Engineer: 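Sending over a structure as structure tokens; questions will come in a sec.
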Amino acid sequence: MAMLARALGALLFVAFTPACKRVAKPVAADGGAVVVANVTRPDGPTIVQCAPTGCPGDGAAPPRDGGELVVHVEAEPAILCDLVEHDAWSRWIAENEIMETLLYQDPWSGKITPRLAATFELTADALTLHLRAGVKWHDGKPLTAADVAYTIGRARDPAVGADQRSDFEPVSTVETPDAATIVLKLTRPAPFLKQALAHLSILPEHLYQGKDVRRADASRAPVGTGPFKFVSWHRGEELIMERNADYWGEKAHLARVRFKFVRDREVAWELYHRGDLDLLWQVPSSHFEDARNDPKLSGHRLLAWTPRAYFFVVWNTERGRLADRRVRRALTMLLDRPRFNQVAFSGHARDITGPYVPGTPSYDATLPPLPVDAAAAKKLLDEAGVKTMKLTFLASAGSRTVEQLATLMKEDFAKAGITVEIATVDFAVQLDRLRHHAFDASALQWTMLLEQDNFTLFHSSQAAGGQNYGSWKSPEADALLDQIRATGDDDARHALDRKLHRLVYDEQPYSFISMREVETLMQRRVHALVPSQDGFSFARAWVDPDAAAK
Amino acid sequence: MRLARRLMLVPATLVGITLVTFALLHALPGDAATVQAGTSRGASPESIAAMRHDYGLDRPLLRQYGAWLARSARFDFGVSLVDGEPVRAKVARALPVSLSLALLATLLAFGVAIPLGAALGYYDRRRWARASSAALYGGYALPAAAVALLVLHAGAPWGARTLVGMLPAAACLALAETVKLARYQRGALLGELAADYVVTARAKGHGARGVVAHALRNALLPTVTLLGAELPALLSAGVIVEQVFGLHGIGMMAFDAVLTRDVPLLLAITTVAAVATLAGVLLADLAYGLVDPRLRGRSA
């Protein structure tokens, strides 16, 4: 069997090698099939390079029902409620698995299809959704339009501070003419509304009514409508969900998924080798080479994929010389980003030049990363009249990546006579200083949606209390961001997105560094499990009950 | 008498310690509301203000502390600001893990350090003893995380809650303490061996056994004093070991509570740690009496 798989893998490798070269250039998010190189070797795992269009399943034998999948989770979420918990794992555990959204967005192509809403129509002044009949909450109560109206009400409530709130701004009222229909009345075009509904888990009103969403028991023991039911959560140890036998759609194959909370990647690596974990969500970068070449991992699958997140340095444009775009451009050119990628990510990173997902129509792929060029940078600094400069870099404690960036930045900038002081603080202090613009430079990572609305990041109105931490105020950007929000037509809006991308590229309110590649490792017995920014395909995955974990 | 006086000091000490913790937490920039709002797109000054109001963080500091004190006197430590779970349940879950780990580590540390230190002190002139003393410094310098990872790699159990399962973790936790205590014990014995009474005993023809029995008893005093401090220190020092061996204890919980500015949780943990410290001091007092009859019934 293993021999056959290996032979098949080798065949796939040969068959797909030319195609793989083609995807070196970004492709349209909605275009083309999944392109992949499957390399099976006796001296290491099968390496699957995911394409910008997604990761392939292994497409092996017919799925088998039953069995348990043990998943490594690095960051334990505080609660499971996607309105207020912004951690990726909170979504990956709950959204789509236990809880469900009205619509579904393909994590790679961005295509939106029905889910809890069986049908939906978007017109200029309303979005009408009709709920699927016969859907029940895990506690047996029926799902109704009242649950949807309640959830959207919470998402729009400024006091809740939901991530999705700004997407609902065009909505004037939420009506429920009957138990299965929801009408969202719109005051202006709402280009991001469908996507927002694909990332808003519907909450059971009967369990949340009158309670604070953060304090409600249901946020710690969620009751949803999804293919898995919540079973238990032992903090610091594990969270278990089991197959929902009464699921309205295609039922899950796995009997159970056990999420094990292991913060330390080195420890997780060890446990994976013992066979205690089926899925190692991220191979530690110190083990990139071992993971690829360890004969003990032969037959395991290693999926290399790129989450939709970028790492960047934000410049406080209120601070002296940093207000000058030439200075910001010079700083980007001084920063040796390829060297950083090598040091921090062992080279497993992709370039990014602007605030959109590369490969989507919003991203202007014609813009090359600014060169690393100390001479040109010095020239720019001369033009701006900068002889020497002193910067304080606000680093978050405990992040090795930021620490490495800060050290390299100090070295790189010294070449142009710029002194960098590193102030390491904990995350709460960093957030506080960012919000109050009490910093010169800092590094963060943003996760993007396929249809990314950058209003909260770059609009001048968001400098006070919003996410525009660098206080970048550009009338041109403001006009574009306002226009983008009011443009319903996809092509026209994407053209505006590309314009904003170019403006941000010219002005460099951020130095865009890179998107980090993740290598996810899975045991031989695991099948049809693929990662994406929006979570793993637990509902479709299955395990071979006859195969031992190791 | 002494016990009664010590016990009377407990409430005052607890109030003092929690008040300082409370003040320090509030002196730091950022609070639970800003941490939870994080970098969310939807977070706004009004959502942060609403959260602050919900958590009672907008009330005057003294009133906040007073309310906490009144509640905790009834053993109601409130709910965690991070996930809404009652703090008592959280602490009740983590405390047995940390306590077992700390007790095991203390037993190991003292059990190994006292004979080891005594042997090194007694045989101080031998070459092997000198070499071992120097090697102990090396042991002290080993980074705890690396040792723990090596032990895990060697096949130690992960996430085991049984006493036997926790032994490797406890050994890692005890390592640095053992070295420290052994060196302490060695020094103390060396000091005693040079004392006049030992010289007299030797002159009177006492053998090695008798001399050590006398000297060791006196040399134990400083080591036992440390017992009071070791137990609570180990209780909170477990962060790295807890993380590597998958034991969710108080150390990890306290660390997270500081990062997330979870005031009620951190205050409860501080209270527990303070009680443990006081218990450790009491324990050391009682142990003094055992070791040195002169101290029985007297204030230490």
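For clarity, every value in this text was computed on a predicted model and none was experimentally measured.
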Engineer: Assess whether a salt bridge exists between A/Arg265 and A/Glu74, defined as any Lys/Arg side-chain N lying under 4.0 Å from an Asp/Glu carboxylate O.
Structural biologist: yes
Engineer: Please set out all donor-acceptor pairs under 3.5 angstrom arising from side-chain atoms of residues 250-257 of chain B, sequence neighbours excluded.
Structural biologist:
unit_1: B/Asp256; atom_1: OD1; unit_2: A/Arg263; atom_2: NH1; d: 3.1
unit_1: B/Asp256; atom_1: OD1; unit_2: A/Arg263; atom_2: NH2; d: 3.2
unit_1: B/Asp256; atom_1: OD2; unit_2: A/Arg263; atom_2: NH2; d: 2.4

Engineer: Of the backbone (N, CA, C, O) and the side chain (C-beta and beyond), which part of A/Arg433 lies under 4.5 Å from a heavy atom of chain B, both, or neither?
Structural biologist: neither
Engineer: Using non-hydrogen atoms and a 4.5 Å limit, figure out which bit of B/Arg52 sits close to chain A: side chain, backbone, both or neither.
Structural biologist: neither
Engineer: Less than 4.5 Å to any heavy atom of chain A: does that hold for the side chain of B/Glu242, its backbone, both, or neither?
Structural biologist: neither
Engineer: Do B/Leu95 and B/Arg93 have side-chain heavy atoms sitting under 4.5 Å apart?
Structural biologist: no
Engineer: Decide yes or no for B/Gln64 and B/Phe22: does some side-chain heavy atom of the first lie under 4.5 Å from some side-chain heavy atom of the second?
Structural biologist: yes
Engineer: Are the aromatic ring centres of B/Trp158 and B/Phe245 under 6.0 angstrom apart?
Structural biologist: no
Engineer: Output the option from B/Gly159, B/Gly155, B/Gly246 having the highest count of non-hydrogen pairs under 4.5 Å with chain A.
Structural biologist: B/Gly155
Engineer: Taking 4.0 angstrom as the limit, do A/Arg308 and A/Asp534 come out as a salt bridge?
Structural biologist: yes
Engineer: Taking side chain as everything from C-beta outward and backbone as N, CA, C, O, which of these in A/Phe455 sits under 4.5 Å from a heavy atom of chain B? Side chain, backbone, both or neither.
Structural biologist: neither
Engineer: What part of B/Val244 is in contact with chain A, defined as an atom under 4.5 angstrom from a non-hydrogen atom: side chain, backbone, both or neither?
Structural biologist: both
Engineer: Among B/Lys90, B/Gln36, B/His153, B/Glu46, single out the residue with the greatest number of heavy-atom pairs under 4.5 Å to chain A.
Structural biologist: B/His153
Engineer: Can you tell which of A/Leu444, A/Asp167, A/Leu457 has the highest number of heavy-atom pairs within less than 4.5 Å of chain B?
Structural biologist: A/Asp167
Engineer: I'd like to know if A/Glu85 pairs up with A/Arg214 as an ion pair, taking the criterion as any Lys NZ or Arg NE/NH1/NH2 lying under 4.0 Å from an Asp or Glu carboxylate oxygen.
Structural biologist: no
Engineer: Given the options B/Pro45, B/Gly30, B/Gly249, B/Gly38, which has more heavy-atom pairs under 4.5 Å with chain A than any of the others?
Structural biologist: B/Gly38
Engineer: Given that the side chain runs from C-beta out, which part of B/Leu149 has a heavy atom under 4.5 Å from chain A: side chain, backbone, both or neither?
Structural biologist: side chain
Engineer: Against chain A, label B/Ile48 side chain, backbone, both or neither, depending on which of its atoms sit under 4.5 Å from a heavy atom there.
Structural biologist: side chain
Engineer: Where on A/Ala78 is there a heavy atom nearer than 4.5 Å to chain B: the side chain, the backbone, both, or neither?
Structural biologist: both
Engineer: Looking at chain B, which one of A/Pro158, A/Ala268, A/Gly465, A/Ala397 has the largest number of heavy-atom pairs inside 4.5 Å, strictly under?
Structural biologist: A/Pro158
Engineer: Using only atom types and a distance under 3.5 Å, with no angle test, would you say the side chain of B/His53 pairs donor to acceptor with the backbone of B/Ala49?
Structural biologist: no
Engineer: Using a strict 4.0 Å threshold on nitrogen-to-oxygen distance, state whether A/Arg485 and A/Asp453 make a salt bridge.
Structural biologist: yes
Engineer: Heavy atoms, side chains only, cut-off 4.5 Å: are A/Tyr310 and A/Met448 in contact?
Structural biologist: yes
Engineer: Quick one: of A/Gly398, A/Ser166, A/Ser219, A/Ala162, who has the most non-hydrogen atom pairs under 4.5 Å with chain B?
Structural biologist: A/Ala162
Engineer: May I ask you to name which of A/Asp212, A/Leu271, A/Asp264 has the most heavy-atom pairs under 4.5 Å with chain B?
Structural biologist: A/Leu271
Engineer: Check whether the ring centres of A/Phe458 and A/Trp472 lie less than 6.0 Å apart, and answer yes or no.
Structural biologist: yes
Engineer: Among A/Gly466, A/Ala216, A/Ala428, which residue has the highest count of heavy-atom pairs closer than 4.5 Å to chain B?
Structural biologist: A/Ala428
Engineer: Between A/Val429 and chain B, which part of the residue has a heavy atom less than 4.5 Å away: side chain, backbone, both or neither?
Structural biologist: both
